[in-house]
There are 2 protein chains.
Amino acid sequence: MDAPRTRDPERTRERILDSAQALILDHGFSATTVDAVVGRAGTTKGAFFHHFGSKSDLARALVERYAALDRSHLEESLARAEKLASDPLQQVLLLIALYEEEFEAMDEPFPGCLFASYIYESKLFDTATLEVLRDSTLLWRRVMRAKLEEVAALHPPRRAVDMESLADLFYSLSEGAFIMTKTLGDKTMLARQARHLRTYLELLFGPAEAGATPPPS
Amino acid sequence: MDAPRTRDPERTRERILDSAQALILDHGFSATTVDAVVGRAGTTKGAFFHHFGSKSDLARALVERYAALDRSHLEESLARAEKLASDPLQQVLLLIALYEEEFEAMDEPFPGCLFASYIYESKLFDTATLEVLRDSTLLWRRVMRAKLEEVAALHPPRRAVDMESLADLFYSLSEGAFIMTKTLGDKTMLARQARHLRTYLELLFGPAEAGATPPPS
DNA sequence: CATTATACAGACCAATTGGTATGTTACAAG
DNA sequence: CTTGTAACATACCAATTGGTCTGTATAATG
């Protein structure tokens, strides 16, 4: 937030991106003015148009940074889950639980997903920008599906289910939970929704249980 | 779409609302200009500001119409499900299936949910407008929860689950599916996601099955 | 130290936009 | 038929906004 004493173009650029992201998630892209962005970033229009050719340029740079972070975060979480557990089912459950943990640990409600923000103003963006959304969505589908195929190979599902849409469930449920988080101001939404996804996967792929229901956790 | 020969203020108002809704779901509220709205509605600024005091007024009127439609649609679907089945579990499953059916029957992908559109520009709206979003969300929660409590009373769940977040699942999953629909241009998203929710509820509340998995439908 | 390009700052501009003011036309009441 | 009011239409305005232009300070380079 505070300006650096010495010149640091990288930091200035990042501050502009951070400011823009925060504003966009509350006002949308269109209503987020360049003046407001530079104001919050503690810099000026001169700096803005030095780092970005136009406001559209900012949109693309911002969503690319967001997508890269989302991707690396997914890959790291999956790698962690794969180290902590050996069974594919446990790995998926753990992956989801890791996300739950993070969102529960936040002290303020998650401000929202940039992809969702963009998609409800999709006509404002060029195809290259929208392609980033598409690629990110398909990445989640690919990664989750591959893991779920491993699961299904080891633990035959108790119901015949479509694997592609099953792979989409976490992404889909997350986006929905973000919207509810913003609507109700309740930061527990994601974890509570994701918990049901875990329960679903346990019931679908888990071993048949003997009788009694376990006590609530 | 076509203008009426005779004067019909109600119709003019509705045409403006329809036009605004379509534009907002693609451009967001901020980027949707009054000129564009009246252009698409085949009328003029004079008509617009005769029917609505301001653009903010339109926003509120629009979301109130949307919420009322959403509510009556939910209540009618639930009533239908309650007539077609007697068991609460079957009623819930049927309610979800009815929604699947409708979205599958559409010839163009669902253009999106106005609530989600508003929430990602939430800072642009006054509290009265945002209250509509909140109320609609809580209505879904209340209705679904009441029905699910009936279900749980008759069919003890195989896992101890939080009923409130279970009630939120359909709303949440729908919002997520709408975003994926828009991102991928795939109109089958909602039905395929909702199908998993049905399977989850079946596994959670359904009778213990004897062994084999049923053939894919 | 001189030079030059980078990294800003801030005044300025043309276009857009919500809203208004004024006029005109349909339609119902008397 | 007259008249008044609701339902529009259109020209116009002030404010906002993305973008530019000019100027300046910093820092790397020779």
Side-chain angles (χ1 to χ4, degrees), chain A residues 1-24 26-63 117-118 121 123-126 128-129, chain B residues 1-24 26-63 118 121 123-126 129:
Chain A
M1 276 313 164
D2 31 28
R5 302 167 183 212
T6 174
R7 268 195 180 170
D8 190 343
E10 299 267 330
R11 248 183 76 85
T12 300
R13 200 184 124 98
E14 289 296 310
R15 285 216 323 282
I16 291 174
L17 288 172
D18 291 344
S19 166
Q21 181 164 323
L23 289 171
I24 287 171
D26 278 343
H27 306 80
F29 177 74
S30 175
T32 298
T33 70
V34 176
D35 279 325
V37 170
V38 298
R40 190 181 219 268
T43 181
T44 63
K45 236 171 198 176
F48 183 95
F49 285 102
H50 173 75
H51 286 284
F52 305 97
S54 67
K55 201 189 164 190
S56 305
D57 253 38
L58 167 78
R60 217 186 30 151
L62 187 59
V63 80
S117 173
Y118 276 38
E121 293 180 281
K123 280 280 162 64
L124 308 183
F125 303 105
D126 52 46
T129 301
Chain B
M1 275 315 163
D2 32 30
R5 304 170 183 209
T6 174
R7 269 191 178 171
D8 189 343
E10 299 267 330
R11 248 183 74 86
T12 302
R13 200 185 123 99
E14 288 298 309
R15 286 216 322 283
I16 291 174
L17 287 172
D18 291 344
S19 166
Q21 180 164 324
L23 288 171
I24 287 172
D26 277 344
H27 305 80
F29 177 74
S30 174
T32 299
T33 69
V34 174
D35 280 324
V37 170
V38 298
R40 191 182 217 269
T43 182
T44 63
K45 236 172 198 174
F48 182 96
F49 284 102
H50 173 75
H51 286 284
F52 304 96
S54 67
K55 202 188 164 191
S56 305
D57 254 36
L58 167 78
R60 218 186 30 151
L62 187 58
V63 80
Y118 276 38
E121 292 179 280
K123 280 278 163 68
L124 308 183
F125 304 105
D126 51 46
T129 301

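Everything numeric here is computed off the predicted structure, so don't read it as measured data. Convention: sequence-line order gives letters A, B, ...; per-chain numbering from 1.
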**Request:** Please confirm whether the backbone N or O of B/G28 pairs with a side-chain atom of B/T32, one donor and one acceptor, at under 3.5 Å?
**Result:** yes
**Message:** For a quick test of reading the model: is some side-chain N or O of A/H50 closer than 4.0 Å to OP1 or OP2 of C/dC8?
**Reply:** no
**Request:** Determine whether A/T129 and A/D126 make a side-chain contact, defined as any pair of heavy atoms from C-beta on separated by less than 4.5 Å.
**Result:** yes
**Item:** Mutual orientation of the aromatic rings belonging to B/F29 and B/Y118 [parallel < 30°, tilted 30-60°, perpendicular > 60°]
**Value:** tilted
**Request:** For A/H50 and A/G46, indicate whether the former's side chain and the latter's backbone hold a donor-acceptor pair under 3.5 Å.
**Result:** no
**Message:** Taking B/D8's backbone N and O only, do any of them form a donor-acceptor pair with B/T12's side chain (distance below 3.5 Å, no angle check)?
**Reply:** yes
**Prompt:** Does A/V38 offer a backbone N or O that forms a donor-acceptor pair with the side chain of A/T43 under 3.5 Å?
**Reply:** no
**Prompt:** Is the phosphate of D/dC8, meaning OP1 or OP2, less than 4.0 Å from a side-chain N or O of B/H51?
**Reply:** yes
**Message:** How would you summarise protein contacts on nucleotides 9-24 of chain D per nucleotide, using B for base, S for sugar-phosphate only and - for none, with heavy-atom distances below 4.0 Å?
**Reply:** BB------SBBB----
**Spacing between B/R15 atom CZ and D/dA7 atom C1', to the nearest angstrom** = 12 Å
**Request:** Look at the side-chain N and O atoms of B/T12 and state whether any lies under 4.0 Å from the OP1 or OP2 oxygen of D/dA7.
**Result:** no
